J.: 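Pasting a structure below so you can have a look.
Quantities reported herein were computed from a predicted structural model and do not represent experimental measurements. In this chain, residues are counted from 1 in sequence order. Both counts, for ligands and for their atoms, begin at 1 and track the order of listing.
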Amino acid sequence: MSNAVYPGSFDPFTNGHLDITQRGAAIFDELLVAVLLNDSKNAMFSVEERVTMAREATVHLPNVKVLSFDGLLVDFMRKERSRVILRGLRALSDFEYEFQLAQMNKQLAPEMETFFMVTDAKYSYLSSRGVKEVFGFGGAIHEFVPPGVFRRMRERVRPRGM
Ligand code: PNS
């Protein structure tokens, strides 16, 4: 049985993340969306909120599970008995960062492989950071995120300039 881990900050989970999750779930028997508990990144949502939102958005995908993780990704993957890291690539500008991540993970755990999935062109501009920025300045974000994320963002007092 094939499985893969799709790790990220997912702050918040966007339609681009959903697209990669859906396509990954169609390739692997099981896909585990792994939400990083990152204190350093000044997250808009708590890790619990990010997990809940990703779960809501992927509830229609029976072979997708959403969990949080802390520490090294490769340690989490060993615990979850997975050897494949799935990452989305939007543009060439993503490549350097992704290449470094993949190489670092390879050094740490040579048995792991990183698979890149090219983002659908209609999401190539989309990032969690961009969504937060547009939201922060009062722009419409409903096209960029799943309905549950949209609802939660609207429930928030708008964070000025975020
Ligand atoms: O959505 P992001 O923030 O680009 O995802 C980055 C992520 C979570 C995949 C990466 O930061 C990560 O795996 N962090 C866990 C710590 C780790 O394993 N670091 C070693 C590779 S540099």
J.: Counting heavy atoms only, which of Ser127, Ser9, Pro7, Ala34 comes nearest to atom 1 (O) of ligand 1?
T.: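 Answer by nearest heavy atom: Ser9.
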J.: Does Leu36 approach ligand 1 within less than 4.0 angstrom via side chain, backbone, both or neither, non-hydrogen atoms only?
T.: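 The answer is the side chain.
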J.: Ignoring hydrogens and geometry beyond distance, is a side-chain donor-acceptor pair present between Ser82 and Asn3 at under 3.5 Å?
T.: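 Present: a donor and an acceptor within the cut-off.
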J.: Quick one: which ligand 1 atoms are inside 4.0 Å of a heavy atom on Tyr97?
T.: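 Numbered from 1, ligand 1 contributes 4 (O), 6 (C).
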J.: Is any side-chain N of the basic residue among Glu143 and Lys122 closer than 4.0 Å to the acidic one's carboxylate O?
T.: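 Result for this pair is no, no salt bridge flagged.
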J.: Tell me whether Ser128 reaches ligand 1 (any heavy atom closer than 4.0 angstrom to a ligand atom).
T.: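 Flag not set, Ser128 not near ligand 1.
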J.: Give the atoms of ligand 1, by number and element, whose distance to some non-hydrogen atom of Leu101 is under 4.0 Å.
T.: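 Ligand 1 atoms under the 4.0 Å threshold to Leu101: 21 (C), 22 (S).
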J.: By number and element, which atoms of ligand 1 are closer than 4.0 Å to a non-hydrogen atom of Gly71?
T.: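 Counting from 1, the qualifying ligand atoms are 15 (C), 16 (C).
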J.: Regarding atom 18 (O) of ligand 1: of the candidates Leu108, Leu73, Asp94, which has the closest heavy atom?
T.: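 That would be Leu73.
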J.: Under a 4.0 Å threshold between the charged nitrogen and the carboxylate oxygen, would Lys79 count as salt-bridged to Asp75?
T.: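 Salt bridge absent between Asp75 and Lys79.
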J.: Which atoms of ligand 1 sit under 4.0 Å from any heavy atom of Met104?
T.: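 Result: 21 (C), 22 (S).
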J.: Taking heavy atoms and a distance under 4.0 Å, where does Val74 meet ligand 1: side chain, backbone, both or neither?
T.: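 Val74 to ligand 1: no contact under 4.0 Å from either part.
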J.: Run through Val149, Thr14, Val134 and flag the one making a side chain to side chain contact (heavy atoms under 4.5 Å, CB included) with Ile141.
T.: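 Testing each of Val149, Thr14, Val134 against Ile141, the sole residue satisfying side chain to side chain contact (heavy atoms under 4.5 Å, CB included) is Val134.
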J.: Please classify the Arg87 to ligand 1 contact at 4.0 Å (heavy-atom distances, strictly less than): side chain, backbone, both or neither.
T.: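 Looking at Arg87 and ligand 1, just side chain atoms fall under 4.0 Å.
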J.: Under the side-chain contact (heavy atoms from CB on, under 4.5 Å) test, which residues partner Ala54, sequence neighbours left out?
T.: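 Once residues adjacent in sequence are excluded, the partners of Ala54 under the side-chain contact (heavy atoms from CB on, under 4.5 Å) criterion are Phe13, Val66.
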J.: My understanding is that only residues two or more places apart in sequence, or in another chain, count here; which of them pass side-chain hydrogen bond (donor to acceptor under 3.5 Å, both in side chains) with Asn15?
T.: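 With sequence neighbours excluded, Asn15 shows a side-chain hydrogen bond (donor to acceptor under 3.5 Å, both in side chains) to no residue whatsoever.
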J.: Taking only Lys NZ, Arg NE, NH1 and NH2, and the carboxylate oxygens of Asp or Glu, determine whether Lys132 and Asp11 approach each other closer than 4.0 Å.
T.: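 Counted as a salt bridge, because a side-chain N and a carboxylate O are separated by less than 4.0 Å.
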